Amino acid sequence: MLDEVAGHHDPFAEVNETVSRACEIVGLPDDVRQIFCSTYREISVQIPLRRGDGSITVLRGYRVQHNGARGPYKGGIRYHPEASISEVRAMASLMTWKCAIVNLPYGGAKGGVMVDPKTLNESELEQLTRRFTLAISYVLGVNRDIPAPDVNTNAQIMAWIMDAYGSRYGHQPGIVTGKPVELGGSLGREAATGRGVVNVVAEAAHDLGIKLEGARVAIQGFGNVGYNAARLIRELGCNVVGISDASGGVLNPKGLDIDSLQAWTAEHGGVAGFTGGETGTNADLLACDCDILIPAALSNAITEENVGDVKARMVVEAANHPLSSEADDALVDMGVTVVPDILANAGGVTVSYLEWVQNIQQYRWTEDHVNRELASVMKRAWGEVYAYSQDHKLPLRDAAMCLSVARVARAAKLRGYI
Ligand code: GLU
């Protein structure tokens, strides 16, 4: 339904354009391309939610498993009114390629419930999570499909997923990642996506000769990923000169105080009104004078309408699919380096994998150990993608996708199904 409302914007078709191009470049036959441009299994469930006033709201939820050649399906669950089936398919496909690019033994999946969680109270959110979990539980499993946090979901929601699943099938902490540390979550998981983004920025800047000391960074989104990226990128000597979220934007060419902004946001529900900078809009943020722009919110943040305003030399996709295809092409034409989502934001699923490994071993690593593993995974992945892009004269997105489709095709071939 929402796909129709959104008109021409079909996220799955857009992801498939990149996948198809990569299949062609690496010489995969059309039948394999067709496997990669469709999903393996999709379940769509009804979630009747009893509201505080006694009425029932009927919600729709999905779990889409895209490709399992490399291992169990893996991917987050988002709660968002625009978590349409096409959006969830696109995100599931991106998870396949993301896990392949950082070489995790996983396939790709994604889940979504079409709801604005701000309209729910805590007990409605818990009830929704438990019902959705049980409704999709038939296709989940520690060795089958392992959910995680995504847009508007967090460690508490993962705890309810673990509990609901465990109440039916017996306690298994490895059924979901991104759990609270007290329930078997990994140290370092909360910050992992933002930390991985910063690891990639450090590697990219080194190879591309971008000076990080004093580099100006603008970040769209101040949720888990945007906040942690903002907090950690200062360690590279960068100045965060702008941040926006759904409430508006704040800009300060001298650099924002991230800790105060975080405290402000916790109190006021958004960055708008923060006194440590000038008030601006989301459009001002995307157009501001900066060296590195990090979209860390939702898909389709930069489109053909606003891409011309971008002044950054490097765009690092901390969100999944933040650029429309047109915007992506335009940035490449403008000479802007785009670090693609499947590489830039792979830190989250990488530490999810480390959490799953710790759960299976019933052992806990130190935060430092986790962070070092993460940095080495991100460094290796960046190095491989960058080298491929240099060798084949391709933008980083195409290079990353070529490496990924070749890895997934190889696994499928070895298993004997292509
Ligand atoms: N939702 C995150 C992503 O898009 C993490 C997925 C996971 O940890 O399984 O990469």
Side-chain angles (χ1 to χ4, degrees), residues 3-4 6-44 62-75 84-110 139 145 299-300 317 320-321 323-330 332-333 338 340-343 346 381 384-385 387-418:
D3 295 341
E4 284 160 34
H8 70 282
H9 172 61
D10 179 349
F12 190 46
E14 291 197 348
V15 170
N16 283 342
E17 275 175 38
T18 317
V19 174
S20 296
R21 201 158 59 226
C23 289
E24 202 173 300
I25 297 169
V26 302
L28 290 170
D30 195 60
D31 45 11
V32 175
R33 188 193 63 79
Q34 283 177 41
I35 295 175
F36 291 173
C37 289
S38 53
T39 62
Y40 169 66
R41 174 159 56 185
E42 310 184 343
I43 68 170
S44 165
Y62 306 105
R63 183 74 179 168
V64 172
Q65 297 171 337
H66 174 262
N67 186 289
R70 290 174 49 87
Y73 299 97
K74 186 85 190 80
S84 66
I85 187 69
S86 174
E87 178 88 1
V88 178
R89 282 179 185 140
M91 300 290 148
S93 173
L94 289 176
M95 286 308 303
T96 298
W97 318 118
K98 190 184 301 185
C99 292
I101 206 63
V102 279
N103 237 329
L104 305 178
Y106 287 140
K110 191 72 120 202
V139 300
D145 184 347
S299 64
N300 228 30
E317 294 184 326
N320 288 312
H321 198 57
L323 309 184
S324 71
S325 303
E326 293 86 1
D328 190 29
D329 294 344
V332 172
D333 289 346
V338 178
D341 44 12
I342 59 171
L343 172 63
E384 288 171 353
V385 172
Y388 195 99
S389 82
Q390 293 289 99
D391 292 350
H392 296 80
K393 309 227 171 331
L394 288 171
L396 293 168
R397 187 186 314 280
D398 285 335
M401 197 54 97
C402 284
L403 281 168
S404 293
V405 296
R407 285 177 188 171
V408 176
R410 176 79 184 137
K413 178 107 186 134
L414 287 168
R415 280 176 186 259
Y417 80 73
I418 63 168

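Numbering of residues begins at 1 and proceeds along the displayed sequence. Just so it is clear, the model here is predicted, and its values are computed rather than measured.
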Would you find more than 12 non-hydrogen atoms of other residues, nucleotides or ligands less than 6.0 Å from R41 atom CZ? yes
Side chains of V19 and S93 in contact at under 4.5 Å (non-hydrogen atoms): yes
Whether the side chain of R89 engages the backbone of V64 through a donor-acceptor N/O pair (distance < 3.5 Å, no angle test) should be reported. no
Mind checking whether C402 and H392 have side chains closer than 4.5 Å, heavy atoms only? no
CD/E24: more than 12 non-hydrogen atoms of other groups inside 6.0 Å: no
Any donor-acceptor pair under 3.5 Å linking the side chain of S389 with the backbone of L396? no
Without swapping roles, check the side chain of R407 against the backbone of I101 for a donor-acceptor pair under 3.5 Å. yes
So, the side chain of D341 versus the backbone of H321: is there a donor-acceptor pair under 3.5 Å, distance only? yes
Output the distance between atom CE (M91) and atom OH (Y62), rounded to the nearest 0.5 Å. 14.5 Å
Checking K98 now: which residues fulfil side chain to side chain donor-acceptor pair (under 3.5 Å) with it, not counting sequence neighbours? N320, N345
Under 30°, 30 to 60°, or over 60°: which ring-plane class applies to Y40 and Y73, parallel, tilted or perpendicular? parallel
Atom pair SG (C99) and CG (L104), whose distance is rounded to the nearest 0.5 Å: 5.0 Å
Under a plain distance cut-off of 3.5 Å, with no hydrogens placed, do R33 and N16 share a side-chain donor-acceptor pair? no
